[in-house]
Amino acid sequence: MFPKAHQYVNIHAHRLAISQDEWVLTNLFAGDDFPGANETAYYSTGLHPWHIKDADSEQLIKKVELAAENLKVLAIGETGLDKLIQTPLDLQLQVFGAQVEIAERRGLAVIIHAVRSYNELIEFAKVHQPAAAMIIHGFNGSFQIAEDLMKAGYYLSFGHRLLISDKLKDVVTHIPAEKIFLETDESEHGIRELYKVVSELRNISLESLKVMIGENVKQVLRIR
Ligand SMILES: [Zn+2]
């Protein structure tokens, strides 16, 4: 079921919803147990760049492919590119590309972990023109980078850093409404705090912000 009008959408968290008024896309890693088809929660699942190990990454991608058949899985991820880890970027790109293809085949979105790799993601989109909705989670770049990513087709999701960063506040205030998602990820801050800040920054009511992000969910997630 799509989020209801009164619900706060949390597009990326490593937990289930903590109240009735929260709608969460709960992340599972590729090695985790996958949900049963009749569970009420919705999930993203993918092979995180931190978990890529030469020996079993193919096996884990197969698990992701299998999980993508589950009607409760709405997105592949988190997957992505992280230039602060040892894993070679070539291998990360290969694993990322394979998972984007799974998302395309299944009509799913992609939740993207990006560390110092916004330029590589822009390049990836130019070359591959992904048909999947591509959501960068925990966006932490400048307004210029945000513009370049959006031009390349990406959506941006903002997490707890938004609460303390003037740079991110500026970005979330000025980018088009249809590109914005909010998330708690692993933070102990609630999704409500983020909604409150964004509604103040954009000078719209909480209700309007819920409608706005609810519409974005309908654009990118195919709830089956
Ligand atoms: Zn996460």
Side-chain angles (χ1 to χ4, degrees), residues 10-15 25-32 43-65 67-68 73 75-104 108-130 132-162 164-165 167-168 171 179 181-189 220:
N10 186 351
I11 205 74
H12 179 74
H14 299 265
R15 57 161 177 76
L25 191 62
T26 300
N27 192 84
L28 295 172
F29 293 122
D32 294 347
Y43 300 89
S44 59
T45 186
L47 176 50
H48 195 292
W50 295 350
H51 303 157
I52 298 173
K53 292 178 194 75
D54 280 326
D56 64 0
S57 64
E58 233 168 86
Q59 202 52 39
L60 287 171
I61 290 170
K62 279 202 189 107
K63 282 195 85 169
V64 172
E65 173 115 56
V73 171
I76 299 299
E78 42 189 306
T79 172
L81 305 173
D82 189 327
K83 279 166 70 184
L84 284 184
I85 59 173
Q86 297 297 318
T87 310
L89 192 63
D90 274 0
L91 178 59
Q92 293 192 44
L93 267 165
Q94 197 186 312
V95 169
F96 176 62
Q99 293 183 89
V100 171
E101 280 175 25
I102 294 171
E104 288 175 326
L108 304 177
V110 182
I111 304 287
I112 301 164
H113 167 98
V115 175
R116 300 208 185 153
S117 58
Y118 294 137
N119 289 329
E120 285 79 2
L121 287 170
I122 290 165
E123 190 56 31
F124 177 90
K126 277 188 191 144
V127 174
H128 296 277
Q129 309 263 326
M134 307 281 277
I135 304 166
I136 295 181
H137 104 78
F139 177 72
N140 190 28
S142 66
F143 188 75
Q144 185 57 53
I145 295 281
E147 289 230 292
D148 293 345
L149 284 164
M150 290 185 297
K151 211 180 291 167
Y154 290 95
Y155 295 84
L156 305 178
S157 174
F158 298 83
H160 60 98
R161 285 197 201 95
L162 179 61
I164 51 163
S165 162
K167 172 186 75 177
L168 293 177
V171 175
K179 291 293 189 179
F181 289 97
L182 299 174
E183 63 176 60
T184 60
D185 197 9
E186 280 166 328
S187 140
E188 71 269 23
H189 292 285
V220 305

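- If you check the side chains of T87 and Q92, you find no donor sitting under 3.5 Å from an acceptor.
- Taking OG from S157 and CD1 from I11, the interatomic distance works out to 7.0 Å, rounded to the nearest 0.5 Å.
- With contacts defined as side-chain heavy-atom distances shorter than 4.5 Å, the pair I112/Y154 qualifies.
- A ring-centre distance under 6.0 Å is not found for H137 and F181.
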From CA spacing to verdict: salt bridge (charged side-chain N to carboxylate O under 4.0 Å, His left out), K83, E120 | CA-CA 10 Å; K83 279 166 70 184; E120 285 79 2; 2.7 Å; yes
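- Atom NE2 of residue H189 and atom CG of residue L162 lie 10.5 Å apart, to the nearest 0.5 angstrom.
- Ring planes of H48 and W50: tilted class, angle from 30 to 60°.
- Annotation: the span from H113 atom NE2 to N27 atom CG amounts to 11.5 Å, rounded to 0.5 Å.
- Looking at every heavy atom in both residues, V73 comes nearest to A67 through CG2-O, 3.4 Å.
- The shortest heavy-atom contact between L108 and A68 is CD1-CB, 3.8 Å.
- Inspection of the H160 and D185 side chains reveals no N or O donor paired with an N or O acceptor under 3.5 Å.
- Remark: I102 CD1 to E65 CD distance equals 4.5 Å, nearest 0.5 Å.
- You'll find the side chain of T26 stays beyond 4.5 Å of the side chain of R15, heavy atoms only.
- Counting heavy atoms from C-beta on, the side chains of I76 and V64 come closer than 4.5 Å.
- The line from OG of S57 to CD of Q94 is 7.5 Å long, rounded to the nearest 0.5 Å.
- Side chain of T45 to backbone of L28: a donor-acceptor contact under 3.5 angstrom is found.
- Taking both residues in full, the closest heavy atoms of A133 and Y155 are given as CB-CE1, 4.1 Å, listed atom of the first, atom of the second, then distance.
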Begin with the C-alpha distance, continue with both residues' side-chain angles, and end with the deciding distance and a verdict on side-chain contact (heavy atoms from CB on, under 4.5 Å) for L25 and E183.
-> CA-CA 9 Å; L25 191 62; E183 63 176 60; over 6 Å; no
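- Put simply, the side chain of L60 does not reach to within 4.5 Å of the side chain of V95, judged on heavy atoms.
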Step by step, work out the side-chain contact (heavy atoms from CB on, under 4.5 Å) result for N10 and L182.
-> CA-CA 6 Å; N10 186 351; L182 299 174; over 6 Å; no
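- Contact of the E186 side chain with the H12 side chain is not registered, since no non-hydrogen atoms from C-beta on lie closer than 4.5 Å.
- Here F139 and Y118 bring their ring centres to under 6.0 angstrom of each other.
- The environment of NZ in K126 is sparse: at most 12 heavy-atom neighbours from other residues, nucleotides or ligands sit within 6.0 Å.
- Interatomic distance, CG of L81 versus CG of L89, reported as 6.0 Å (0.5 Å rounding).
- Q99 contributes no side-chain N or O that, together with a main-chain N or O of G46, makes up a donor-acceptor pair within less than 3.5 Å.
- In this structure, K63 contributes its side chain and E58 its backbone to no donor-acceptor pair below 3.5 Å.
- Contact annotation: the side chain of L156 never approaches that of K179 to less than 4.5 Å [non-hydrogen atoms, C-beta and beyond].
- Using a 4.5 Å cut-off on side-chain heavy atoms (C-beta onward), F29 and L47 make no contact.
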Check the pair H128 / E123 against side-chain hydrogen bond (donor to acceptor under 3.5 Å, both in side chains), numbers first and verdict last.
-> CA-CA 9 Å; H128 296 277; E123 190 56 31; over 6 Å; no
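- With contacts defined as side-chain heavy-atom distances shorter than 4.5 Å, the pair T79/V110 qualifies.
- In this structure a side-chain-to-backbone donor-acceptor pair under 3.5 Å is missing from T184 to S187.
- Partners of E104 according to the side chain to side chain contact (heavy atoms under 4.5 Å, CB included) rule, which considers only residues two or more places apart in sequence or in another chain, are V100, E101, P130, A131, A132.
- Judged purely by distance below 3.5 Å, without hydrogens or angles, the side chains of Q144 and D148 pair a donor atom with an acceptor atom.
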